[in-house]
Enquirer: 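Provided herewith is a single structure, encoded as C-alpha cells, for subsequent inquiry.
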Amino acid sequence: MKIGVLSLQGGVIEHLNHIRNLEADCIEVKEAEDLDEINGIILPGGESTTMGLLLKERGILNPLKQKILNGLPAWGTCAGMILLAKEIENDFRKHLEVMNIKVKRNAYGSQLDSFICHSKVEKVSKEEIPLIFIRAPYIVEVGNDVDVIFEIDGKVVAAREKNMLATSFHPELSTSLEFHKYFLNMCTENLKKLN
Ligand code: GLN
C-alpha cells in the first residue's frame, strides 16, 4: 500500500514521517501522474488559498477530485479540510468540493488563538490524543451522510463521509500515531473492497 501526501505547500514532512513510522510506503504528490500510484491521499495543513491555486496551476485539482469521487481515501488536516469542503462559510473560493461539510476558516481567531488540548476520540482510539489547533477551521454544517467523529464545545472538529476524513487539528504535529493508523485502516479497507 502506498500513501500520497499532497506536497505543494504546508506541513508535508510530518505526515510522511508518521506514515513511515507505521511502516507504510508513502510518496510526495506534486504532479497529477503521482495520483496513479497511490491508495490514499493526505491533504496537509498550510494555507488553503495557496494550495488551491497550486492544485489548479499544476493540473491536479480535477484528476484528484475525480479520484476522490471514485473512492480514493482522502484525509484533510486543517487547510486540507477546507480543500475537501463543498462549502466555505467565509470565503468565496471553493477547491475540491467533494465532502458534504460547510467549514469556517480561521474559526478560532488568529495565530495567537492557536491551542492544544488532550482528548479521547472514542471513534478513533482508546488513547488520549493531543489535538493541536493552528488558525484552525471548524465544521459549521454536516450533510446527512457525514459521521461526526469529534466535537469540542459543540463545534465539529473531526468528521468522516465514506472515503473522506477531515480534522480541524494536526495529529501529525503530535507524537500520537492514532489518527494516522485510523486513516491507514480506511485505505486498507478500501483496497480489500477493490480486490
Ligand atoms: N488558516 C488556514 C487556512 O485557512 C489553515 C491553517 C492550517 O492549516 N493550520 O487555510
Side-chain angles (χ1 to χ4, degrees), residues 3-19 26 28-30 40-58 60-61 64-65 68 73-119 121 124 129-142 146 149-153 155-161 164-180 182-183:
I3 305 299
V5 179
L6 184 69
S7 303
L8 302 176
Q9 190 265 338
V12 172
I13 190 83
E14 293 84 357
H15 276 299
L16 292 170
N17 287 340
H18 269 39
I19 295 293
C26 57
E28 296 183 32
V29 171
K30 294 187 172 174
I41 186 158
I42 297 177
L43 313 171
E47 197 54 52
S48 55
T49 313
T50 310
M51 270 192 270
L53 282 172
L54 291 170
L55 276 172
K56 274 199 199 110
E57 238 174 70
R58 300 197 148 231
I60 306 177
L61 188 84
L64 176 57
K65 179 170 176 158
I68 297 174
W75 172 21
T77 55
C78 203
M81 169 199 257
I82 299 168
L83 295 179
L84 290 175
K86 280 199 179 155
E87 278 189 80
I88 306 172
E89 186 180 88
N90 51 348
D91 198 340
F92 62 90
R93 297 172 195 87
K94 287 181 183 175
H95 308 286
L96 291 161
E97 295 178 76
V98 285
M99 189 166 178
N100 213 348
I101 53 175
K102 188 199 259 188
V103 301
K104 182 174 180 186
R105 291 183 69 191
N106 303 326
Y108 292 98
S110 75
Q111 188 83 10
L112 292 175
D113 304 300
S114 296
F115 65 99
I116 175 166
C117 60
H118 295 78
S119 297
V121 180
V124 169
I129 305 177
L131 306 177
I132 300 169
F133 293 79
I134 304 170
R135 282 197 310 124
Y138 57 64
I139 299 173
V140 290
E141 260 177 57
V142 295
V146 178
I149 291 185
F150 201 59
E151 288 181 51
I152 295 179
D153 299 332
K155 311 286 191 246
V156 178
V157 292
R160 173 159 175 194
E161 179 183 357
M164 293 170 276
L165 173 68
T167 57
S168 296
F169 44 86
H170 292 266
E172 77 285 7
L173 296 182
S174 77
T175 51
S176 168
L177 297 172
E178 295 308 290
F179 263 91
H180 289 76
Y182 179 87
F183 181 63

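Positions are given from 1 along the sequence. Indexing begins at 1, ligand by ligand and atom by atom, following the structure's order.
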Enquirer: With a 3.5 Å distance limit and no angle check, can you tell me whether Asp113 reaches the backbone of Ser110 through a side-chain donor-acceptor pair?
Expert: yes
Enquirer: Tell me every residue that passes salt bridge (charged side-chain N to carboxylate O under 4.0 Å, His left out) with Glu141, counting only those two or more places apart in sequence or in another chain.
Expert: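 Testing Glu141 for salt bridge (charged side-chain N to carboxylate O under 4.0 Å, His left out), a comparison that skips the adjacent residues, returns Lys102.
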Enquirer: Describe, in one word, how the ring planes of Tyr108 and Phe115 are oriented to each other, choosing from parallel (under 30°), tilted (30 to 60°) and perpendicular (over 60°).
Expert: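 Geometry flag for Phe115 against Tyr108: perpendicular rings.
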Enquirer: Please name all residues satisfying salt bridge (charged side-chain N to carboxylate O under 4.0 Å, His left out) with Glu28, sequence neighbours left out, ordered by chain then number.
Expert: Lys30
Enquirer: For ligand 1, what N or O to protein N or O distances fall under 3.5 Å?
Expert:
from     : atom 1 : to     : atom 2 : distance (Å)
ligand 1 : 1 (N)  : Asn106 : OD1    : 2.6
ligand 1 : 1 (N)  : Arg135 : O      : 3.1
ligand 1 : 1 (N)  : Arg135 : NH1    : 3.3
ligand 1 : 4 (O)  : Arg105 : NE     : 2.7
ligand 1 : 4 (O)  : Arg105 : NH2    : 3.0
ligand 1 : 8 (O)  : Gly46  : N      : 2.9
ligand 1 : 8 (O)  : Gly46  : O      : 3.2
ligand 1 : 8 (O)  : Ala79  : N      : 3.0
ligand 1 : 9 (N)  : Ile134 : O      : 3.0
ligand 1 : 9 (N)  : His170 : NE2    : 3.0
ligand 1 : 10 (O) : Ser48  : N      : 2.7
ligand 1 : 10 (O) : Ser48  : OG     : 2.8

Enquirer: Do Phe169 and Ser119 come close enough that some side-chain heavy atom pair is under 4.5 Å?
Expert: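 A side-chain contact under 4.5 Å is absent here.
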Enquirer: Can you list everything that forms a salt bridge (charged side-chain N to carboxylate O under 4.0 Å, His left out) with Glu47? Sequence neighbours excluded, please.
Expert: Arg105, Arg135
